[in-house]
Protein chains: 2
Amino acid sequence: MRATEMTPNDKTNDSTEQKIFDAAHELFVQKGLDGAKMQEIADRAGINKALLHYYYRTKDKLYEMVAKSIIHQGIPIIQKTIESDLPLEEKIIKFVDFYIDLIRRNPFIPLFIISEMNKHPEQFIEKILPARLPRPEIFLKQVEDAVAAGTIRPVNPQHLLLNIISLCVFPFVARPIMQMVLGMQKTEADQFLKQRKTEVTEFIFAALRPR
Amino acid sequence: MRATEMTPNDKTNDSTEQKIFDAAHELFVQKGLDGAKMQEIADRAGINKALLHYYYRTKDKLYEMVAKSIIHQGIPIIQKTIESDLPLEEKIIKFVDFYIDLIRRNPFIPLFIISEMNKHPEQFIEKILPARLPRPEIFLKQVEDAVAAGTIRPVNPQHLLLNIISLCVFPFVARPIMQMVLGMQKTEADQFLKQRKTEVTEFIFAALRPR
DNA sequence: ATCTTTTTTAACCAAATGGTTAAAAGTCTG
DNA sequence: CAGACTTTTAACCATTTGGTTAAAAAAGAT
């Protein structure tokens, strides 16, 4: 018997368990819960389909572990940055920097989260999301204060936060459409998205400059 | 025999054909090609499953028609706005205005397009996207000119376009996460998203103001 | 009313899919 | 090596799923 909750004997990166997990990760991210098939996962992991059920009992359990790992991977970085007590300007710079780096390393994760959360909201909220999400209160307060102090143009703090996130995330999510509309090749698009970090930061600060 | 390519005898809104189409529309948008099941579509349309195949031969064909109709619905509005020769400022205002209105009327469409295009790129590009997508050249040129004339701060036109679209679309796409992080109820979120139009426009123009 | 055509249904079918079982192969420990 | 335990496989199984068929019901045309 082999339950994953047990002693993590050998999660060496080429253990069978890990190979399955990696294959599942890849396929779930690419095709979602509905689109990914157990047989395909087994094939990609180079093993028998029965082994999937030996290590991870059901498709749902396997999905749950993969999705959890995805979520728990990114959240701490975002959390630490946004909940820190860096001064506002520095915080925004760092947030954009870390966030875009994070996404560039895992370009398909945001779309996975968004679209799976839309398709299976109950499951996601109950079983996958962590109890404690990043809390934006500190950031929102900082913006309020900066507005009051006249350091930045008057803006609604919540909208500002949403704007920053939109500017960071959306281009990666909508990459295929972007490529088509702007007539870009893969490499051009890569190049272009690499410039986003500075471009977005500048855009935000320009928008915040008091008049 | 009943082929949809034939004379559109009675596409009255409560014809069987239309009821099927509407049910399929709803489910495909909600669950995607993989997640939507023919039986469920039949149930929702209140008819026998065999009728689906009588009117639309296969799932793929049905999906193709629904997806096409979705795409072709929004594109002309965007196209007309962005390809018009309104002055830049006016164009941006109108674009944000129309675009956000469009999305508010169909809040699940953007995520549908993005996620389905990522999951079935070949099918989407070959069978569903129209030959002619909105061409951004005029807009890009206008931005260049405005930069050269010093009317706006120097920005990369492509990034600017992408920024505008990101600010308009992303909040609707990421709505569930937004609600959780900002601790909003449905009605609050509705209210909040309603404010976006002015908020986004102001944000963009502030970011473009020459220093 | 009768014949024809269109629309709808119930019953099927084959393939795919998630999951199980029992036995074989491999590993570990005395 | 023997015995115990773990890992892996091939062969199944039940359900779901997309799709078909043949006949019934409804609607039109003469």
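It should be emphasised that the depicted structure is a prediction, and the values quoted were computed from it without experimental measurement. Order of the sequence lines sets the chain letters (A, B, ...), proteins ahead of strands, with each chain counted from 1.
- Atom C1' of nucleotide D:dT8 and atom CD of A:Glu17 are separated by 14 Å, given to the nearest angstrom.
- Between A:Val66 and A:Ala24, the shortest heavy-atom contact is CG2-CB, 4.0 Å.
- In this structure, A:Leu51 places its CG atom 15 Å from P of D:dT6, rounding to the nearest Å.
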Check your understanding: Which nucleotides of nucleotides 10-23 of chain C have their base under 4.0 Å from a protein heavy atom (B), which only their sugar-phosphate (S), and which neither (-), written as one string 5' to 3'?
Key -> B------SBBBB--

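- Rounded to an integer number of Å, the gap from OH of B:Tyr56 to C1' of D:dG18 is 17 Å.
- Judged as a ring pair (Phe, Tyr, Trp, His ring centres under 6.0 Å), the pairs with a partner in residues 15-46 of chain A (not counting sequence neighbours) are, in order, A:Phe28-A:Tyr63.
- Every residue meeting the side-chain contact (heavy atoms from CB on, under 4.5 Å) condition with B:Gln73, not counting sequence neighbours, appears here in chain and number order: B:Asn106.
- Put simply, the side chain of B:Phe98 does not reach to within 4.5 Å of the side chain of B:Lys80, judged on heavy atoms.
- A salt bridge is defined here as a Lys NZ or Arg NE, NH1 or NH2 lying under 4.0 Å from an Asp or Glu carboxylate O, and A:Lys197 with A:Asp101 meets this definition.
- At whole-Å resolution of the value, CG in B:Asp43 and P in D:dT16 are 13 Å apart.
- Axis angle between the ends of the helix from C:dA1-D:dT30 to C:dG30-D:dC1, five pairs each and rounded to 10 degrees, works out to 10°.
- A:Phe172 meets the ring-ring contact (aromatic ring centres under 6.0 Å, His included) test with no other residue; sequence neighbours excluded.
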Using atom types as modelled, flag every donor-acceptor pair under 3.5 Å from a side chain in residues 33-43 of chain B to any protein atom, sequence neighbours excluded.
unit_1	atom_1	unit_2	atom_2	d
B:Lys37	NZ	B:Asp34	O	3.0
B:Gln39	NE2	B:Asp43	OD1	3.0
B:Glu40	OE1	B:Lys31	NZ	3.2
B:Glu40	OE2	B:Lys31	NZ	3.0

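- Checking B:Lys91 against B:Gln142 by side-chain atom types alone, a donor-acceptor pair falls below 3.5 Å.
- Distances shorter than 4.0 Å separate some side-chain N or O of A:Tyr55 from OP1 or OP2 on D:dT8.
- One can place NZ of B:Lys61 at 10 Å from P of D:dG19, the figure rounded to the nearest angstrom.
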